Amino acid sequence: MIHDVIVIGGGIGGLMAAIEAKTPANRVALLTKGNLFKSNSALASGGINAVLNPYNTKDIQSHIDDTTKSAYGLGDKNNIKYMCNQAPSIIKKLTQYGVNFDKDESGNIAQRSFGGGSVRRTCFVGDTTGSQIIQTLIKKAKEVGVTFIVNNFVMNLTTYNGKISGVVALRRFDSSVVVYPAKSVVLAGGGYAGIYRGFSTNASDYTGDMLAIALRAGLRLVDMEFVQFHPTGFVATSYLVSEAARGEGGFLVNSDGDRFVNELDKRDVVARAINEQISLGKKVFIDLRHLSKELIEKKLPSLYKSAFLQAGIDLATELLPIKPVAHYTMGGIEADGVETDIKGLFVCGECASNGVHGANRLGGNSLLEGAVFGELAGKKALENSHKADFLPIDYSEVIKDIKLVDKIFDSETTKNFNAMRISLGKMMFLNVGIERNEDGLAKAFDYISYLRSEVPTLHCIHKERTNNVELISILELRNSIEISEAVILSALKRKESRGAHYRSDYNIDNQEYKKSIVIEELKRGILRAHFKENKFLYSIRKLFKQKAI
Ligand code: SIN
């Protein structure tokens, strides 16, 4: 069956977009590469920020102010305003769809504190907010008639005269390359924190695929150096200890038993404070022992269970060791709201960079951003598919993807791509992590150059084409390498500290750098980082096709 709109990604942004774009006459398919229930949105446990009363302009302004402050000078004023103003209606919509937010004693939606927020404005369902929202939205999407196409790994986009014409995907089931024509496409397939494999709350398949696809389609990436490290992950498994734990009154203590930071400060500040303790040779723990067991079980049931199962810790009586881990990526595909330079292609959620998070995201704003801009992307995709026609598919591009798959299968190899993925994660955490400097970044760049040279040698060891997991891993690794390079180049270019990007060799923010850095692919495999020029200069440059600055 042919679809008017293809949405890629099964997190909150993708689901909201698909629901919004679906009408009886508009055929919508949602494509995912893996398990629908395992998106990062489903893991965002602590909550979603919103002022509940749409007429409370004072509180909405305070949400705008906190978001702007957290963005360290790089927030997009209009998009932040739009998001915070839409928040009350988004919560209403989610409630109507069936999300049962926790209530306070008066029966109103309860709100908890979250890091960087000046008041309690995070709505929640215990500490399983994201998964409750995702389950509700999947149900709703099925109800309205969205088609789910799972286990499809999107390799590339197809375009015709600057307009979207479809997507090229690899079907896991038989490793065949298939084309899905569409009038509108929404990219909502998540960010790139999974590249920090072993040091990330993300599932390991968050390898920046959407961004790599966009780059190959000629779009630009923005703010790639800004990677948010969540202050609290399990030491052994990097499993997320939700900010809800601190929002409900949990303390951070070091191995001397001392508190050393305001637990509800912005995430970059708390993560750096913990990092400092660790570099002094101390351990850091989350301490919930002063809270009642009843409260922990009621408000943090998932954490309570996971601490016991994964670390053998009873949070009511014991301290849980934690460490900061890569959690969210502010960088993404350049977007004007949800629109891109390819007509009919829209982006939302973590893969997009519309400037609402700037250099550092406010905790609780990720689900909100996904929902608000997912809804908008769905509306725009619907509008576009009313006006647009199906356009021709450039099969010479599709053939390139078929040839690539054949090449990965056809040759023998002795290379261990799994070891490469793990070492890439460790290398990124050590050199492009919470704290960076010129030497570490140069080392990281060298390592990426080495990995790039190894790419042609990556082949499947097992040649069976049915459900071959190696093939997807290799394609993901290829994307990861490209996106890691984009992060490193941007981090090298930003010779200052701002938000989540902390340079130990340039530790003050510099007004000259109060602008975004963009990454462009000058020609296949050649990336260039430069400061974002204003729209006028950019359009002139595009007109003259003069790529380098
Ligand atoms: C958390 O619960 O701490 C994650 C939610 C978020 O990143 O906003």
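Both ligands and their constituent atoms are indexed starting at 1 by order of listing. Keep in mind that this is a model prediction, so the values were computed, not measured.
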message: Closer than 4.0 Å to some heavy atom of Ser45 - which atoms of ligand 1 meet that?
response: 2 (O)
task: With heavy atoms of Glu243 as the reference, note each atom of ligand 1 found under 4.0 Å away.
output: 1 (C), 2 (O), 3 (O)
- prompt: What are the atoms of ligand 1, with element, lying closer than 4.0 Å to any heavy atom of His230?
  reply: 1 (C), 3 (O)
task: Would you please classify the geometry between the Phe226 ring and the His501 ring as parallel, tilted or perpendicular, with 30° and 60° separating the classes?
output: perpendicular
- prompt: Should the proximity of Glu369 to ligand 1, defined as any heavy atom under 4.0 Å, be assigned to the side chain, the backbone, both, or neither?
  reply: neither
field: Electrostatic pair Arg272:Glu435 at N-O distance under 4.0 angstrom
entry: no
- request: Answer with yes or no whether the side chains of Ser480 and Arg197 bring together a donor and an acceptor at under 3.5 Å.
  value: no
- line: One finds that the ligand 1 atoms under 4.0 Å from a non-hydrogen atom of Ser366 are 8 (O)
- prompt: Looking only at protein heavy atoms, which one is nearest to atom 8 (O) of ligand 1, and how far off is it?
  reply: Gly364 N, 2.8 Å
message: Would Ala244 count as a contact residue for ligand 1, given that I'm defining contact as a non-hydrogen atom of the residue lying under 4.0 Å from a ligand atom?
response: no
- prompt: Hey, are Gln228 and Asn360 close enough side-chain-wise for a donor-acceptor pair under 3.5 Å?
  reply: yes
task: List the closest protein heavy-atom neighbour of atom 6 (C) of ligand 1: residue, atom name, distance to the nearest 0.1 Å.
output: Arg267 NH2, 3.2 Å
task: Measure up the Phe429 and Phe199 rings against each other and bin them: parallel (under 30°), tilted (30 to 60°), perpendicular (over 60°).
output: parallel
- line: In this structure, NZ of Lys77 is separated from CG of Asn79 (nearest 0.5 Å) by 12.5 Å
- request: For Asn354 and Glu369, test the side chains for any donor-to-acceptor distance below 3.5 angstrom and give the result as yes or no.
  value: yes
- request: Would you mind running through ligand 1 and noting each atom that sits below 4.0 Å from a heavy atom of Ser242?
  value: 1 (C), 2 (O), 3 (O)
query: Can you find a non-hydrogen atom of His327 under 4.0 Å from ligand 1?
result: yes
- prompt: Is it the side chain, the backbone, both or neither of Phe114 that has a heavy atom closer than 4.0 Å to ligand 1?
  reply: side chain
message: Between Tyr192 and Asp209, do the side chains contain a donor N or O and an acceptor N or O under 3.5 Å apart?
response: no
- line: A student checking ligand 1 against Arg361 at a 4.0 Å heavy-atom cut-off should list atoms 6 (C), 7 (O), 8 (O)
- request: Taking only heavy atoms of Gly46 into account, list the atoms of ligand 1 that are under 4.0 Å away from them.
  value: 1 (C), 2 (O)
field: Gap separating the NE2 atom of His230 from the OG1 atom of Thr201, nearest 0.5 angstrom
entry: 7.5 Å
